[in-house]
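Beneath this line is the structure, given in structure tokens, with notes to follow.
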Amino acid sequence: MSQNTNPARGMRDFLPAQVRRREYVISIIKEVYESYGFEPLETPAVENLETLTGKYGEEGNQLIYKILKRGEKLNPNASEKDLSDLALRYDLTVPLARVVAQHKNDLPKFFKRYQIQPVWRADRPARGRYREFYQCDVDAIGSSSMIVEAELCAAVSEILVRLGFNDFVIRINHREILYAMLDAVEIVEEKQIDALVALDKLDKIGGEGVLKEFESREINEGAANKLLGLFEKLKNSDNSHILESLSEFIGNYKTGTQATSQISQILKLAGLKSLKIDASLARGLSYYTGAIFEVNVPDLSGSIASGGRYDGLIGMFGKEQIPACGFSLGLERILVVMEERGMFPKELETNSADVLMTIWNEESIGESLKLAGELRQENLRVLVYPEADKLGKQFKYASQINVLFVCVLGENELAENKVTLKNMQTGDQETINRDEAAVSVKTYKKYLQSKS
RNA sequence: GCGGCUAUAGUUCAGUUGGUUAGAACGCCUGAUUGUGGUUCAGGAGGUCGUGGGUUCGAGCCCCACUAGCCGCCCCA
């Protein structure tokens, strides 16, 4: 009886080659984050349901994986609150806010943390979108300074550059600029969120599309035209011109002018040419309060990273209000693009073991195991072929799994206390003294390293 | 959650208006090669055609439902 062996929808198994790639990307992310002084944090996969609800907006709430209560028989007529009290975490930012609110006294005044863990969303799977996926978050808690934003952008940019990306754009905008713009064209508060959702789609559906959206959301047309006129003017102009036009458009709406000056500070402090103001960038998550970011590459419709300032979130846990700002890199999306573009270094593929130890016959098994142990003592990765197969099969297996060397310990070798080493990349083969084998392998490894 | 497309060997795909025993390439296994892989040659295994139902003398092909995947929308990392 054969059962369905697919993993659950939107979830994946990772075979060794994929795990290697994932770990390669993660290792670079960690290295860069640590070089900026961020410290690691981990939190549970499961949170109390009330911790998560109300933080992500209407859409987000529906995508939370809720966990049924355990124990007694469930009464299916019970209210949702009686059925479920726990949920899988939806992102890493809200759990961080909870941790900060909870452990405030144990944490330094400025808490800089990174966190690389899976999160779960009951979303519909698509390219680069899964129901279980890794986020790589960095956040800086406790400061309202724009130095925080600038450093976060610099770190993210450095990671992407080191991974080999050269065509990404970090789009930046500000929640207060958005609201000020909407105020300037007299869109009433109740319609502002709707208007933002429509504007956010500008680069996808174009000006006419946005007009239609406004129409269907019953937002006054004049306002839409004014905004579209502004965006038309901003198109293709550089950051400083965009800032000028925005300030002009907003007038002296107070928090708006503060926001434009914050943006200009971030630009100046970060000094990145990949940083570009996009006045139509809105972002869905409801907890953002200040600067917002999104990182895009041309060959993926979604974003590969995003972030922003959320000064109100930690206060939602009922304690002190603490300013915070962070970034989240989407590991899966970065991997999708890197895979399609073939951006992984070649060494990742030839990495299973340094040496395959063959088995000559039943009598020599002990000697092969002993030699394998000796080589491992020399810090080599040694794989012992598990059966006394014909040598041909053992070699074939070796080339399948991409080991560097095959070691043959046969009758002749044992009689003379020698070993035969074959380099599987060059095809060279030598029969040498047993105690020289490790050195020979290591010399070739060093040569490979020096070449790359 | 909505709309469209797809599902045939391990993989990528052919498969005629519905007609005998469903094919190819690559991969896999065996041998040529009883001390040597990646090349070559010879042979072999592998399919209840995604699942369940229906139409028909007859279904891989037509119809319905379900499941999974891809694309677009919504949203998002």
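In this text the structure is predicted, and so the values were computed from the model without any measurement. Order of the sequence lines fixes the chain letters, A, B, ..., with proteins taken first and strands second; residue numbering starts at 1 for each chain. Values reported hereafter were calculated over all heavy atoms of this structure, with side chains retained and with hydrogens, waters and symmetry mates removed.
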When the C1' atoms of B:U12 and B:U21 are compared, how many Å lie between them, rounded to an integer? 25 Å

Need to verify one output field. Residue with the more 5' nearest nucleotide on RNA chain B, A:G302 or A:E411? A:E411

RNA chain B in dot-bracket, Watson-Crick or G-U pairs under 3.5 Å, [ ] crossing, | other strand? (((((((..((((.....[...)))).(((((.......))))).....(((((..]....))))))))))))....

Side-chain donor-acceptor contact under 3.5 Å, A:T431 with A:T420: yes

Sugar-phosphate only, base, or nothing, as touched by A:A305 at under 4.0 Å among non-hydrogen atoms: sugar-phosphate

If I pick the C1' atom on B:G54 and the same atom on B:U16, what distance separates them, to the nearest angstrom? 25 Å

Sole residue of A:R376, A:K446, A:R381 in salt bridge (Lys or Arg N to Asp or Glu O under 4.0 Å) with A:D354: A:R381

Minimum-distance nucleotide to A:R124 side chain [options: B:G35, B:G3, B:G37]: B:G3

Between B:C61 and B:G46, how far apart are the C1' atoms? Round to whole Å, please. 24 Å

With heavy atoms under 4.0 Å as the rule, sort A:Q62 into base, sugar-phosphate or nothing. nothing

Give one of base, sugar-phosphate or nothing for A:Y130, where a contact means two heavy atoms less than 4.0 Å apart. base

Taking only the C1' atom of each, what is the distance from B:G72 to B:U55 in whole angstrom? 34 Å

Rounded to whole Å, CD1 of A:I159 lies from P of B:A77 at a distance of 17 Å

For A:V197, which contact category applies under a 4.0 Å heavy-atom criterion: base, sugar-phosphate, or nothing? sugar-phosphate

Separation of A:I26 atom CD1 from B:A77 atom P, in whole Å? 18 Å

Could you give the distance separating B:C64 and B:C29 at their C1' atoms, to the nearest angstrom? 42 Å

Taken to the nearest whole Å, CG/A:D389 to P/B:U30 is 8 Å

Considering all heavy atoms of both residues, which atom of A:L211 and which atom of A:A224 are nearest to each other, and what is their separation? CD2-CB, 3.6 Å

Can you list everything that forms a ring pair (Phe, Tyr, Trp, His ring centres under 6.0 Å) with A:F327? Sequence neighbours excluded, please. A:F293

Which whole number of Å gives the distance between the C1' atom of B:C75 and that of B:A14? 39 Å

Look at the aromatic rings of A:Y397 and A:Y385 and report parallel, tilted or perpendicular, splitting at 30° and 60°. perpendicular

Grab the OH-P distance between A:Y385 and B:G37 for me, whole Å please. 13 Å

Closest approach to the side chain of A:T420, judged atom by atom: which nucleotide of B:A77, B:C75, B:G35 is it? B:G35

Check whether A:Y288 forms a cation-pi arrangement with A:R309 (NZ or CZ under 6.0 Å from the six-membered ring centre, at most 45° off the ring normal). no

In whole Å, measure the gap between the P atoms of B:G47 and B:C63 for me. 28 Å

Mind calculating the distance between CD1 (A:I359) and P (B:U34) to the nearest angstrom? 20 Å

5' priority, RNA chain B, between A:L331 and A:G10 [closest heavy atom]: A:G10

Nearest-angstrom distance, P atom, B:U40 to B:G27: 8 Å

In whole Å, I'd like the distance from the CG atom of A:D137 to the P atom of B:A77. 10 Å

Phosphate OP1/OP2 of B:A77: any A:S306 side-chain N/O under 4.0 Å: yes

No-H, no-angle donor-acceptor pair, A:K393 side chain to B:G37 base, under 3.5 Å: no

Can you find an N or O donor on one side and an acceptor on the other, under 3.5 Å apart, linking the side chain of A:Q429 with the base of B:U36? yes

Looking only at side-chain atoms of A:Q400, point me to the closest of B:G37, B:A77, B:C28. B:C28

Is A:K396 touching bases, backbone alone, or none of the nucleic acid, heavy atoms closer than 4.0 Å? sugar-phosphate

Using whole Å, what does the distance between atom P of nucleotide B:C76 and atom CG of A:L281 come to? 11 Å

Give a yes/no verdict on base stacking between B:A77 and A:F133: centres under 5.5 Å, planes within less than 30° of parallel. yes

Quick one: are the ring centres of A:F405 and A:Y444 less than 6.0 Å apart? yes

Atom-pair distance (CG on A:N61; C1' on B:C76), nearest Å: 15 Å

Any donor-acceptor pair, under 3.5 Å, between the side chain of A:R121 and the base of B:C75, if you only look at N and O atoms? no

What nucleotide, of B:G37, B:G35, B:U34, holds the atom closest to the side chain of A:K390? B:U34

Has A:R333 got a side-chain atom pairing as donor or acceptor with A:G128's backbone, closer than 3.5 angstrom? yes

Using a 4.0 Å heavy-atom cut-off across all strands, classify A:E413 as base, sugar-phosphate, or nothing. base

Heavy-atom closest pair, residues A:A291 and A:I266: CB-CD1, 4.0 Å

Under the salt bridge (charged side-chain N to carboxylate O under 4.0 Å, His left out) criterion, do A:D139 and A:K112 qualify, and how do the steps go? CA-CA 6 Å; A:D139 293 82; A:K112 300 177 74 179; over 6 Å; no

A:N412 side-chain proximity, nearest of B:C76, B:G35, B:U36: B:G35

